[in-house]
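Below: one structure, written as structure tokens.
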Amino acid sequence: MLATLPIAEPDPLWALINAFRQDRRADKIDLVVGVYRDASGQTPVMQAVQAAEVRLAAAAVSKSYGALSGNLAFNDGMSRLLLGEGAEALDRQCTIQTVGGTGALRILADFIALVSPQATIWNTNPGYVNHRPIMTAAGLSVRTFRWHENDAGLDLDTVIADLAEARPGDVVLLHGCCHNPTGIDPTPEQWRRLVGLCKDKGLIPLIDMAYQGFGDGIEQDAAGLRHFAKELDTVLVAASCSKNMGLYCERTGAAMVIAPDRGPLANIRATLERITRANYSMPPEHGAAIAAQLFEYPETWLAELDTSRRRVADIRRDLADALVDCGAPELFQALRRQKGMFSLLPLDPHQMDRLREDFGVYGTSNGRINIAGLLPRDIERLAEALRAVSSAACQVHAA
Ligand code: PMP
């Protein structure tokens with residue numbers, strides 16, 4: 001059996017992380033790992049989470065099995081967080097707890113493969129590195145549409161042109177906010193046009209909500225999703241609590257299926273539970289129990305999340321200002337309007353290599369940097385390094 005084991009290439013992201021760890025330069029800058037860091041470079045446990053854990057430990061009575069759908073208070077809280085209090089779609093949706101946002105994507109991929117195996121998944125290009133592997137692991141075929149920027153923001157005409165070949169029943173995988181890796185988010189008007197496009201063509205939206213609260217605010221960031229939920233019969237949602245609750249290693253997320261009415265909900269739940277049962281039976285309790293506490297006592301959590309969101313927005317502004325000050329090309333100014341933790345620099349892999357080798361700045365080879373990984377003291381140095389590698393001499397070398 002093992003003689004025929006194909007060679008599996010190591011994950012390039014983890015290779016970069018290891019290279020960073022082994023780099024002995026004291027002033028190296030890690031912009032690879034997709035986690036929030038505070039101004040001292042830590043990824044802290046939120047105080048609201050710590051308080052919740054104390055309450056949970058004091059009240060713990062049993063570690064017996066929970067429900068197949070996971071923590072029911074969590075599922076209820078997640079559906080409200082995503083759709084908004086009082087939303088009409090709350091009455092025609094089914095939400096289950098999953099193993100992080102990744103687990104939600106995989107459970108929904110298995111769901112699509114079961115119900116609609118011929119559906120093509122339409123994925124943004126560039127897109128989140130793990131979307132395609134998750135979808136293909138479930139046996140689904142994936143095609144892409146460009147997710148580019150013009151002078152004003154998302155180039156929606158290109159999106160619409162590329163989706164021209166999508167057939168009714170195909171699934172369009174959209175990022176709810178803070179697109180990874182580009183930071184390019186639709187405007188409210190563009191969300192409306194995307195909803196119209198899906199309606200007209202009979203496409204099913206799958207909204208991946210991994211950064212709610214890191215763009216414009218916890219409610220604002222859900223506006224696109226909520227518009228889809230209001231206007232469309234069927235919507236799929238994968239949500240993660242990794243970033244907005246800082247629960248990364250607790251693997252906490254949710255999968256939601258919105259149906260045309262309440263009729264199919266029991267069967268949808270049974271189907272989702274059948275899928276999880278064959279995978280990991282039921283999800284781990286701890287992260288979801290914490291999240292349920294945050295929903296019950298939201299004040300501290302929301303204030304902490306807003307502080308994180310502001311820090312990311314401030315870094316964007318300060319980096320863009322520093323790039324102007326040092327005379328870097330205008331192209332970099334798109335950073336200023338992009339949203340969330342990531343942006344894609346207008347640099348090629350050779351320039352990213354040079355950034356790493358000559359300046360100790362680590363981003364991924366496609367140009368992605370984690371804005372939330374940048375410390376205030378490193379902003380000017382990064383701006384200078386970006387100016388240097390994007391200079392004409394360097395571009396000639398790259399060619
Ligand atoms: N979707 C996107 C767009 C992401 O960037 C990520 C991870 N950063 C995920 C899903 C997966 O999140 P989780 O860590 O909760 O599995």
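We count ligands from 1, going down the list as the structure has it; atoms in each ligand are counted the same way. The structure displayed is predicted, hence computed values, not measured ones.
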### Message
Can you tell me how far apart CD (Gln338) and SG (Cys178) are? Round to the nearest 0.5 Å.
### Response
11.0 Å
### Task
Give the contacting part of Tyr248 toward ligand 1: side chain, backbone, both or neither, where contact means a heavy-atom distance below 4.0 Å.
neither
### Query
Looking only at protein heavy atoms, which one is nearest to atom 12 (O) of ligand 1, and how far off is it?
Ser240 OG, 3.7 Å
### atom 5 (O) of ligand 1 - nearest protein heavy atom and its distance
Tyr211 OH, 2.6 Å
### Query
In terms of residue, atom name and distance, what is the protein heavy atom nearest to atom 9 (C) of ligand 1?
Tyr128 OH, 3.6 Å
#### Entry: Closest protein heavy atom to atom 11 (C) of ligand 1, given as residue, atom name and distance to 0.1 Å
Thr102 OG1, 3.4 Å
#### Entry: Option among Leu331, Leu335, Leu386 that satisfies the side chain to side chain contact (heavy atoms under 4.5 Å, CB included) test with Pro346
Leu331
### Task
Identify which of Glu250, Lys243, His175 has a heavy atom lying nearest to atom 7 (C) of ligand 1.
Lys243
### Summary
For Ser242, the atoms of ligand 1 under 4.0 Å from one of its heavy atoms are 13 (P), 14 (O), 15 (O)
### Query
Linking I/L/V/M/F/W/Y whenever any side-chain heavy atoms sit under 4.5 Å apart, do Ile268 and Val237 land together?
no
### Message
Do Tyr128 and Pro181 make a side-chain contact, defined as non-hydrogen atoms from C-beta onward lying under 4.5 Å apart?
### Response
no
### Ligand-side contact atoms (ligand 1) for residue partner Gly100, heavy atom cut-off under 4.0 Å
15 (O), 16 (O)
### Query
Below 4.0 angstrom, N of the basic side chain to O of the carboxylate: do Asp76 and Arg80 qualify?
yes
#### Entry: Salt bridge present between Asp27 and Arg25 (N-O < 4.0 angstrom)
no
### Message
What I want to know is whether Cys241 and ligand 1 share at least one N or O pair that is separated by under 3.5 angstrom.
### Response
no
#### Entry: Interatomic spacing from OG1 in Thr234 to CZ in Arg92 - rounded to 0.5 Å
8.0 Å
### Task
Among all protein heavy atoms, pick out the one at the shortest distance from atom 3 (C) of ligand 1; state its residue, atom name and that distance to 0.1 Å.
Asp208 OD2, 3.4 Å
